[in-house]
Amino acid sequence: MSHYETLGVAQDASDEEIKRAYKKLARKYHPDINPGEDAAEQFKKVSHAYEVLSDRERRANYDRFGDANGNAAPGFGGGGGFGGFDFGDIFGSFFGGGQRGPASRAQAGQDALIGVQVTLEEAVFGVTRSIDVRTAVVCETCNGSCCEPGTRPTTCDVCRGSGQIAQEVVTPLGRMQSAAPCGSCRGFGTVIKHPCVTCQGQGRVQERRSITIKVPGGIRTGNRIQLRGEGEAGVAGGPAGDLYVEIKVKPDSAFERDGDDLTTNIAVPMTTAALGAELTIDTFDGPQTVNVEAGTQSGTVRTLRGLGAKRLRNGVATEDRGDLRVVINVETPTKVKGRERELLEELARLRGEDKRSGTVRADAQAGGVFSRLRGKFGGGHA
Ligand SMILES: [Zn+2]
Ligand SMILES: [Zn+2]
């Protein structure tokens with residue numbers, strides 16, 4: 001299901017429409033209004049869809065490339081799964097906040113970005129890669145709770161769990177009461193007396209780990225693969241950010257990329273071009289036959305259909321592929337001596353080309369630049 005479908009909006013929906021759809025669904029599924037695992041799961045999906053589609057850059061990336069991940073976000077903190085994700089930023093601004101009670105310790109983790117190089121052949125067909133990433137992960141000792149195993153946060157004595165304390169402020173209008181975050185518990189309403197030693201009470205630790213990514217065929221330099229929930233783990237069991245894998249395709253010595261098509265150049269001797277031959281060339285699909293017809297001109301292009309890169313659609317490789325274009329360059333011999341020279345001279349005589357040197361030069365001048373350009377470019381589209 002696409003993020004657009006999750007929110008029930010069209011792909012070209014305006015920012016305002018997306019916001020409206022999210023507000024409606026968030027009200028419907030918010031855990032305070034609609035308790036239950038299904039609603040929580042739905043709320044998470046809706047929130048993630050909104051997170052992506054409300055951010056111009058992330059939405060553009062999503063439109064261009066999709067998610068391209070098969071990995072579901074890992075669960076957090078065990079138990080309820082949904083944990084204490086603080087939706088304050090998005091949610092509070094829509095629903096007016098007001099009485100929000102104690103703040104949650106949980107904070108969402110950051111997105112992470114990593115660069116990966118692939119060969120052109122890997123980019124053409126796609127490849128599965130194991131990559132090393134170093135990010136924060138959920139602390140295994142406390143499972144993200146931040147407490148030593150067997151202990152729990154205790155209610156703050158100072159604010160009695162409200163996270164707020166009444167404060168008297170002197171204003172020009174007189175003394176006023178206002179609420180301020182409790183300094184003793186930093187507004188959380190609870191105090192952790194025995195913080196987890198492994199993570200120093202953060203609920204997460206830095207770790208190097210290997211993850212497997214599927215790079216789809218047809219990928220290009222600059223494309224980013226989004227792996228949901230594989231970024232930095234959140235603080236205190238908050239949801240992890242996403243991991244973006246930015247692809248760089250290494251240049252290839254034999255093949256050049258042009259969109260989904262590939263181009264390669266082959267050189268054939270003048271005699272082969274004149275007499276014709278069947279040549280075998282190496283391609284990413286193994287040896288292929290290229291038919292050089294008798295009388296082939298330099299710059300002639302032979303197109304091998306379907307031997308280019310896979311075509312990506314919404315971040316997914318299809319079976320459809322671009323073409324491989326083989327440009328045939330005719331090589332004129334540079335050192336012609338002895339018997340070879342005699343034969344060429346005889347050939348020139350037979351073709352009546354031996355005495356025409358003056359005329360040929362005049363022709364070349366008359367149509368010089370034009371005919372040379374045609375030879376170079378005209379042939380390319382023939
Ligand atoms: Zn811990
Ligand atoms: Zn307190």
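When a ligand or atom number is given, it counts from 1 through the structure's own listing order.
Checked for salt-bridge contact, Glu16 and Lys19 miss the test: no charged N lies under 4.0 Å from a carboxylate O. A salt bridge links Arg302 with Glu293: the closest approach of a Lys/Arg side-chain nitrogen to an acidic carboxylate oxygen falls below 4.0 angstrom. Checked for salt-bridge contact, Arg305 and Asp323 meet the test: a charged N lies under 4.0 Å from a carboxylate O. Taking the charged nitrogens against the carboxylate oxygens, Asp15 and Arg59 do have a contact shorter than 4.0 Å, which makes a salt bridge. Taking the charged nitrogens against the carboxylate oxygens, Lys250 and Glu122 have no contact shorter than 4.0 Å, which rules out a salt bridge. Look at Glu345 and Arg341 and you find a salt bridge, because one of the NZ, NE, NH1 or NH2 atoms lies within 4.0 Å of a carboxylate O, short of that distance. Using a 4.0 Å cut-off between a side-chain N of Lys or Arg and a carboxylate O of Asp or Glu, Arg321 and Asp261 do not qualify as a salt bridge.
Under 2.8 Å from the Zn ion (ligand 2), one finds the following protein N/O/S atoms: Cys156 SG, Cys159 SG, Cys182 SG, Cys185 SG.
With waters left out, the protein N, O or S atoms under 2.8 Å from the Zn ion (ligand 1) add up to 4.
A salt bridge (Lys or Arg N to Asp or Glu O under 4.0 Å) with Asp260 is found for one member of Arg220, Arg325, Lys310 and no other, namely Arg220.
The aromatic ring centres of Tyr50 and Tyr22 sit less than 6.0 Å apart.
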